[in-house]
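What you see is a predicted model; the values in this text were computed from it and never measured.
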Protein chains: 2
Amino acid sequence: MRRVTIKDVAKAAGVSLGTASRVINANTSVDPAIRRKVQDAIAALRYQPDAVAQSMRRRSTRTIGAIVRDITVPALASFVQAAQQALHDEGYALLIACSGDRRDHELELLRLLSQRRMDGVIMTTAAEDDAELAAVRAALPMPVVMLDRTPPGAFDALLLDHREGMRQAVEHLLRLGHRRIALITGATGVHPARARVQGFRDAHAAAGVAIDPTCLRTGSFTDQSGFLEASALLGRPDPPTAIVAGGIDMLSGVLRAIQARGFAVPRDISVIGSADTDLAMLASPPVTVVRWDYAELGRAGARLLIDRLSGGAALPPRQILFPTEFISRGSCAPPSRQHC
Amino acid sequence: MRRVTIKDVAKAAGVSLGTASRVINANTSVDPAIRRKVQDAIAALRYQPDAVAQSMRRRSTRTIGAIVRDITVPALASFVQAAQQALHDEGYALLIACSGDRRDHELELLRLLSQRRMDGVIMTTAAEDDAELAAVRAALPMPVVMLDRTPPGAFDALLLDHREGMRQAVEHLLRLGHRRIALITGATGVHPARARVQGFRDAHAAAGVAIDPTCLRTGSFTDQSGFLEASALLGRPDPPTAIVAGGIDMLSGVLRAIQARGFAVPRDISVIGSADTDLAMLASPPVTVVRWDYAELGRAGARLLIDRLSGGAALPPRQILFPTEFISRGSCAPPSRQHC
DNA sequence: TTGTACGCGTTATCAA
DNA sequence: TTGATAACGCGTACAA
C-alpha cells in the first residue's frame with residue numbers, strides 16, 4: 001500500500017512525469033486535452049503532492065517557526081493563533097515551540113528551527129543582550145521577526161508602546177494622589193520591562209514626584225513573581241498605596257497576594273494590570289489595565305514575514321510600534337489616609 | 001554562501017560520504033580515529049543535518065500535527081503545550097492548527113497534515129459522526145489520537161469522564177435543594193456534551209427529580225453561546241435556580257449574563273463551571289467547578305503517539321479515561337424562596 | 001571497516 | 001508543447 005506519487009499520475013494519464021508536474025504547478029502551457037487527462041488521473045488516484053519532496057526540491061518548507069515564552073498565557077496564545085491563521089491563508093504552516101523564557105531552551109529551539117529549515121521565524125527572546133543567543137539568532141539563515149524585543153542587530157520587530165502605556169497608568173495614579181507607587185515587572189534585559197520602567201520614570205518626573213527605588217521590582221514576567229513581589233511589598237511597614245503589574249500574566253499573582261494579606265481593592269490598595277484578561281474584567285472590582293491587541297500583532301508579524309519571503313529579502317528592517325490603550329475601571333482610588 | 005552538507009563534512013574529514021553518515025547516525029561501527037576526524041569536521045564546519053532531506057530519506061518527518069478548536073482557551077493551550085514538551089523530549093516537533101470547531105476548516109487541516117506527511121496526529125473533531133470527516137480521518141496514513149472524542153472507528157483516545165463529573169455537580173445542587181437546574185453545553189455530536197447530558201440525567205434520575213427539558217441547552221462550546229443561553233434562561237418568568245456551564249470556556253459568558261441581569265451569586269442563582277480557570281478561582285465568590293488536568297492529557301497523548309510510532313503500530317486502540325474532580329467553592333447555595 | 005551508488009518524490013532545465 | 005534527466009541532501013544496501 002504505497003503512497004501514490006506523481007509517477008503514478010503520469011503513468012495513469014499516459015504522459016511523462018514532467019508533464020504531470022507541469023499541470024500540477026500550472027506554470028507553463030500544456031495541451032488542454034492532456035491537462036484534462038492528467039487532472040482526471042489526479043482525481044481518480046486521489047493524488048496529493050508530497051510536501052516533503054517539494055520542500056526538498058524547492059528549498060522551502062513553507063513553514064514558519066514560532067518561539068514564545070508560554071502558550072498557556074492567553075494573550076500569547078491569541079498572538080500565535082492570529083499569526084497561524086494569517087500564515088495559513090498564505091500557504092504557510094506554523095511550528096510552535098515554548099521556551100519558558102529560558103535561554104538554554106531558546107538556544108536549542110533556535111537550532112531546531114534552523115535544522116528543520118523553517119522559511120522564517122517569529123520569536124521573543126529571554127534576553128536581548130545575551131551574546132550566545134544573539135550570535136545564534138544572527139546566524140539564522142532565514143528572516144526573523146522579533147516579538148516585543150529589540151535585540152542588537154537588524155531585525156524586523158513588532159513593538160508595543162509599553163512606555164507610553166505605563167506613563168499613562170502612573171500618571172493616572174499620581175493624579176489620584178498616590179505617592180508610593182510600586183511597579184512589578186520582568187527583567188530589564190528585554191524591551192517591555194525596560195520600556196515600562198521608562199514610562200514609570202517619565203510619569204514621576206513629569207509630576208515632580210520622587211521614586212522609592214525599593215518600589216521598582218524587576219524580576220520575571222511570571223504569575224509567581226507577581227505574587228512574591230507583591231507579597232513582599234505588602235508585608236512592609238510602609239506598603240505602597242498602588243501596584244502596577246507590568247507583565248501579561250502577573251495580575252493574578254498580584255491579586256492573590258493582596259487577597260492573602262487581607263487588603264481590599266481599591267480601598268487599601270489600587271491596582272493596575274497589563275493586558276486585558278477575563279480576570280481583569282471580571283474581578284471585583286474590575287481591574288484598570290493597559291491593554292493592547294495581541295491578535296493584531298500576530299497578523300502583522302505574519303505580514304512582515306510574508307513580505308520578506310516574497311521578494312523583500314533585502315528590504316531594510318521594519319520596526320512597527322503598536323499603541324496601548326488605558327482602560328480605567330474600579331481598581332483605582334485615592335489612597336486612604338492610614339497608608340499615606 | 002551555500003549551506004554545509006554532509007558532503008562537505010566528508011571532504012573535510014577526508015572520508016567518503018557514507019562514512020560521514022555513519023558517524024552521524026552512530027549505528028554501525030567505525031574506526032575511532034576516523035570517527036574523531038569526522039566529528040572534528042562537523043564541529044569545524046558547524047554542520048547540521050538537513051531535517052528535510054532526512055525526512056525524505058527516512059520517510060518520517062518526526063513531526064506531529066495537532067488540531068484543536070481554539071488555542072486561546074487556556075485549558076487547550078496547556079494541553080498543547082504539555083504535548084509539545086513531551087514530544088520535544090522524544091525528538092518530535094508539533095505543528096499546530098486551529099479549526100475553530102468548523103468542519104470545513106477541519107477537513108482542510110486534515111488534508112494539510114496528510115500532505116505534509118505528519119508522523120502522527122492528535123486532534124479533536126467538530127462532529128464525531130460527520131461522514132466526510134470520518135472518511136478523511138480514517139484514510140489518514142498515520143496514527144491518530146483523538147482528544148475527548150469517540151468517533152466511530154478504532155482510534156486511540158484521551159477521554160474525560162465528564163459524565164461522572166456532571167453527575168457529581170448536579171447531585172451537589174440537588175442536595176442543596178435545587179429543582180430547576182440548567183445545563184448549558186455544546187452540541188451533542190461530541191463526547192463531552194453527550195457525557196455531560198448523561199451525567200445530568202443520571203443525577204436527576206437518582207434523586208427522582210424530573211428534568212425541565214427547556215433547561216437543557218446544547219449549542220456550542222463558546223463563551224458567546226454561554227452568554228446567550230444564560231441570558232435567555234435568566235430572562236424567563238421561571239428562571240432556573242442553578243446553572244451548570246458545561247464547557248471549558250463557557251463560564252465567563254454565563255457570569256457575564258448573570259451580571260447583566262443583575263442576579264447575585266449564589267443568592268439568586270448558583271453556578272458551577274467546567275475546568276478550573278483564573279476566572280473561576282478569582283471571581284467573587286469563587287466558582288465551584290468540575291476540574292481536570294489538561295496538561296496530563298497532553299503528556300498522555302504524546303505517549304500514545306510515541307508508543308505507536310515506535311513499534312506499536314499494530315497495537316489495539318487504547319482509550320484512556322481520565323477522572324474529573326469536583327471542587328466546591330462559594331458559588332452554590334440553597335435556592336432562595338422567591339425562585340422556588 | 002569503508003566506499004560507491006541508488007533512490008526517496010519533486011521541480012526545472014534542456015533537447016527534441 | 002513534451003519527454004528525458006539532473007539535481008536537492010541524505011541513509012543504506014552492497015561490494016570491496
Side-chain angles (χ1 to χ4, degrees), chain A residues 1-39 41-42 45-63 91 114-119 141-142, chain B residues 1-39 41-42 45-63 91 111-112 114-119 141-142:
Chain A
M1 173 157 157
R2 246 185 60 262
R3 266 187 74 123
V4 18
T5 75
I6 199 171
K7 254 182 191 162
D8 302 313
V9 172
K11 196 181 300 173
V15 299
S16 82
L17 180 158
T19 304
S21 173
R22 273 185 285 267
V23 352
I24 289 164
N25 299 295
N27 33 3
T28 53
S29 60
V30 23
D31 185 283
I34 297 206
R35 141 161 295 137
R36 190 52 190 273
K37 275 201 297 182
V38 173
Q39 283 169 336
I42 288 176
L45 298 175
R46 284 204 189 72
Y47 167 73
Q48 262 192 323
D50 181 329
V52 173
Q54 288 180 319
S55 298
M56 179 83 170
R57 182 56 231 225
R58 294 182 174 149
R59 353 202 45 149
S60 152
T61 55
R62 293 196 80 82
T63 306
S114 141
Q115 177 165 353
R116 285 182 172 252
R117 292 207 182 294
M118 299 290 102
D119 284 356
M142 68 284 276
Chain B
M1 170 156 158
R2 247 184 59 262
R3 267 188 75 123
V4 17
T5 76
I6 199 171
K7 252 183 193 162
D8 302 314
V9 171
K11 196 181 300 173
V15 300
S16 83
L17 181 157
T19 304
S21 174
R22 273 185 285 267
V23 353
I24 290 164
N25 299 296
N27 33 3
T28 54
S29 59
V30 24
D31 185 284
I34 297 205
R35 141 160 295 138
R36 189 56 189 270
K37 275 200 299 181
V38 173
Q39 284 168 336
I42 288 176
L45 297 175
R46 285 206 189 72
Y47 168 71
Q48 264 191 324
D50 180 329
V52 173
Q54 288 181 318
S55 298
M56 182 82 171
R57 181 56 232 228
R58 294 182 174 149
R59 353 201 44 138
S60 152
T61 54
R62 294 196 79 80
T63 307
R111 267 190 288 270
L112 181 85
S114 142
Q115 177 164 353
R116 285 180 173 252
R117 291 208 183 296
M118 299 291 101
D119 284 355
M142 68 284 274

Taking atom P of dG9(D) as reference, at what distance in whole Å does atom CD of Gln115(A) sit?
15 Å
What's the closest nucleotide to the side chain of Val15(A) if the choices are dT11(C), dG3(D), dT2(C)?
dG3(D)
Starting at atom CZ of Arg116(B), determine the distance to atom P of dT10(C), rounded to an integer number of angstrom.
15 Å
Could you give the CE-to-C1' distance, from Met56(A) to dA6(D), as a whole number of Å?
13 Å
Per nearest nucleotide of DNA chain C, the residue lying toward the 5' end, Ile24(A) or Arg22(B), is Arg22(B)
When rounded to whole Å, the CD1 to C1' distance for the pair Ile6(B) and dC8(C) reads 16 Å
Comparing Thr28(B) and Ala53(B) on DNA chain C - which has the more 5′ nearest nucleotide
Thr28(B)
Polar pair under 3.5 Å, donor/acceptor by atom type, side chain Arg57(A), base dA7(D)
yes
Has Tyr47(B) got a side-chain N or O lying under 4.0 Å from the OP1 or OP2 atom of dC10(D)?
yes
Under 4.0 Å from OP1 or OP2 of dC8(D): is there any side-chain N or O of Arg117(A) that close?
no
Between Asp50(A) (CG) and dT10(C) (P), how many Å, whole number?
5 Å
Can you check the Arg2(B) CZ to dC8(D) P distance for me, whole Å?
8 Å
Please determine whether a side-chain nitrogen or oxygen atom of Ser21(A) lies at a distance below 4.0 Å from atom OP1 or OP2 of dT10(C).
no
What one should report as the nearest heavy-atom pair of Met56(B) and Val52(A) is N-CG1, 3.7 Å
Whole angstrom is fine here: how far is it from CD in Gln48(A) over to P in dG9(C)?
14 Å
Report yes or no: does Ser55(A) contribute a side-chain atom to a donor-acceptor pair with the main-chain N or O of Ala51(A) at less than 3.5 Å?
yes
Arg58(B) has an atom CZ; how far is it from atom P of dG9(D), in whole Å?
16 Å
Tell me the closest heavy-atom pair linking Ile24(B) and Tyr47(B), and the distance in Å.
CD1-CE2, 3.4 Å
Measuring to OP1 and OP2 of dG9(C), would you say a side-chain N or O of Gln54(A) lies under 4.0 angstrom away?
no
Quick one: which of dT2(C), dA5(C), dT11(C) gets closest to the side chain of Asn25(A)?
dT11(C)
Looking at every heavy atom in both Arg116(B) and Thr61(A), which two are closest together, and how far apart are they?
NH1-O, 3.4 Å
Shortest non-hydrogen separation from Arg3(A) to Gln48(A) and the atoms involved:
NH2-OE1, 3.8 Å
Ignoring backbone atoms, test whether Ser16(B) places a side-chain nitrogen or oxygen under 4.0 Å from the OP1 or OP2 oxygen of dT2(C).
no
